[in-house]
Amino acid sequence: MAETPDLALLDRLREVLDDRPVTETELRKLIDQTGGLVRTLGAHIDSSERRLTELADDAASSLDEMARELQRVERMRPRLAEARSLLAELHTRARELRTAWLLHQAERRR
């Protein structure tokens, strides 16, 4: 099975958070991409939940349709939770790297 772009992004985030080397530019790019992934997954889940409400309100809807939509939501929820968690850790890592750089600059000036 081919790896989807969001899974590749989550893999890269795990690498960066395992203290692999990363530039400030790449950090900003990863934060932007992960924020986009969080928004996209959230929107997909919201859409699926609205669809489930519509299906539940329609007596003619099939259980098969509802089951497919539920499965879709259940596949996305863990990925969204992980993306949110990794994004928070990435922000922390970025602050730590910036702080270390600023401290280094201040020490060099002494």
Side-chain angles (χ1 to χ4, degrees):
M1 183 170 153
E3 187 170 285
T4 62
D6 57 318
L7 290 178
L9 174 60
L10 294 177
D11 286 343
R12 179 64 183 130
L13 291 173
R14 285 186 216 99
E15 289 175 1
V16 167
L17 293 169
D18 283 339
D19 288 328
R20 299 267 171 78
V22 64
T23 65
E24 176 71 21
T25 302
E26 186 176 10
L27 271 176
R28 278 190 242 125
K29 181 179 176 183
L30 288 170
I31 287 170
D32 288 345
Q33 289 175 335
T34 307
L37 177 60
V38 166
R39 289 186 299 278
T40 300
L41 288 172
H44 284 298
I45 289 171
D46 289 346
S47 174
S48 287
E49 288 174 344
R50 281 191 303 276
R51 178 72 179 135
L52 281 167
T53 299
E54 292 169 5
L55 291 170
D57 291 343
D58 181 4
S61 65
S62 75
L63 287 177
D64 189 48
E65 281 181 279
M66 292 178 84
R68 277 195 307 271
E69 209 61 45
L70 278 170
Q71 289 172 343
R72 183 173 182 248
V73 170
E74 291 306 310
R75 280 192 312 269
M76 285 186 283
R77 279 192 198 285
R79 198 171 289 172
L80 176 59
E82 182 179 20
R84 284 178 174 157
S85 174
L86 290 172
L87 181 59
E89 290 180 47
L90 194 60
H91 278 290
T92 299
R93 173 88 189 276
R95 278 190 301 277
E96 290 169 352
L97 289 174
R98 288 179 192 125
T99 299
W101 183 84
L102 288 170
L103 290 172
H104 176 74
Q105 294 302 312
E107 288 174 4
R108 276 184 36 188
R109 289 184 184 166
R110 288 185 192 169

Practice item. Hey, could you give me the CG/CD distance between Leu52 and Glu54, rounded to the nearest 0.5 Å? Key: 9.5 Å

Exercise for review: Look up atom CZ in Arg50 and atom CD1 in Ile45, then write down how far apart they are to the nearest 0.5 Å.
Suggested key: 12.0 Å

**Study point:** Test side-chain contact (heavy atoms from CB on, under 4.5 Å) applied to Thr40 and Asp6, step by step
**Key:** CA-CA 10 Å; Thr40 300; Asp6 57 318; over 6 Å; no

Review point. Do any N or O atoms from the side chain of Arg39 and from the backbone of Gly35 form a donor-acceptor pair under 3.5 angstrom?
Key: yes

Review point. Would you call Arg79 and Glu82 a salt bridge, using N to O less than 4.0 angstrom?
Key: no

Exercise for review: Ignoring hydrogens and angles, state whether a donor on the side chain of Arg95 or Thr92 is under 3.5 Å from an acceptor on the partner side chain.
Suggested key: yes

Check your understanding: Is any NZ, NE, NH1 or NH2 atom of the basic residue among Glu96 and Arg93 found under 4.0 Å from an Asp or Glu carboxylate oxygen of the other?
Key -> no

Point to revise | Side-chain donor or acceptor of Asp18 paired with backbone N/O of Arg20 under 3.5 Å | key: no

Practice item. Flag the pair Glu24 and Arg28 as a salt bridge only when some basic side-chain nitrogen lies within less than 4.0 angstrom of an acidic carboxylate oxygen. Key: yes

Check your understanding: Does atom CG of Leu63 have more than 12 heavy-atom neighbours, drawn from other residues, nucleotides or ligands, at distances under 6.0 Å?
Key -> no

Check your understanding: CZ of Arg84: more than 12 outside heavy atoms within 6.0 angstrom?
Key -> no

Point to revise | Shortest non-hydrogen separation from Thr34 to Ala83 and the atoms involved | key: CG2-O, 3.7 Å

Review point. Are any of the side-chain nitrogens in Arg68 or Glu65 under 4.0 Å away from the carboxylate oxygens of its partner?
Key: no

Check your understanding: Using 4.0 Å as the upper bound for N to carboxylate O, is an ion pair formed by Lys29 and Asp32?
Key -> no

Exercise for review: Report yes or no: do Ile31 and Leu97 belong to one cluster of Ile/Leu/Val/Met/Phe/Trp/Tyr joined by side chain heavy-atom distances under 4.5 Å?
Suggested key: yes

Study note, to complete from the structure: When every non-hydrogen atom of Ser61 is compared with those of Asp58, the smallest separation belongs to OG-O, 2.8 Å

Check your understanding: Is any side-chain heavy atom of Arg51 closer than 4.5 Å to a side-chain heavy atom of Arg72?
Key -> no

Check your understanding: Just one of Leu87, Leu17, Thr25, Val16 clears the side-chain contact (heavy atoms from CB on, under 4.5 Å) bar with Leu30, so which one?
Key -> Val16

Review point. Quick one: CZ on Arg14 to CG on Leu9, what's the gap to the nearest 0.5 Å?
Key: 9.5 Å

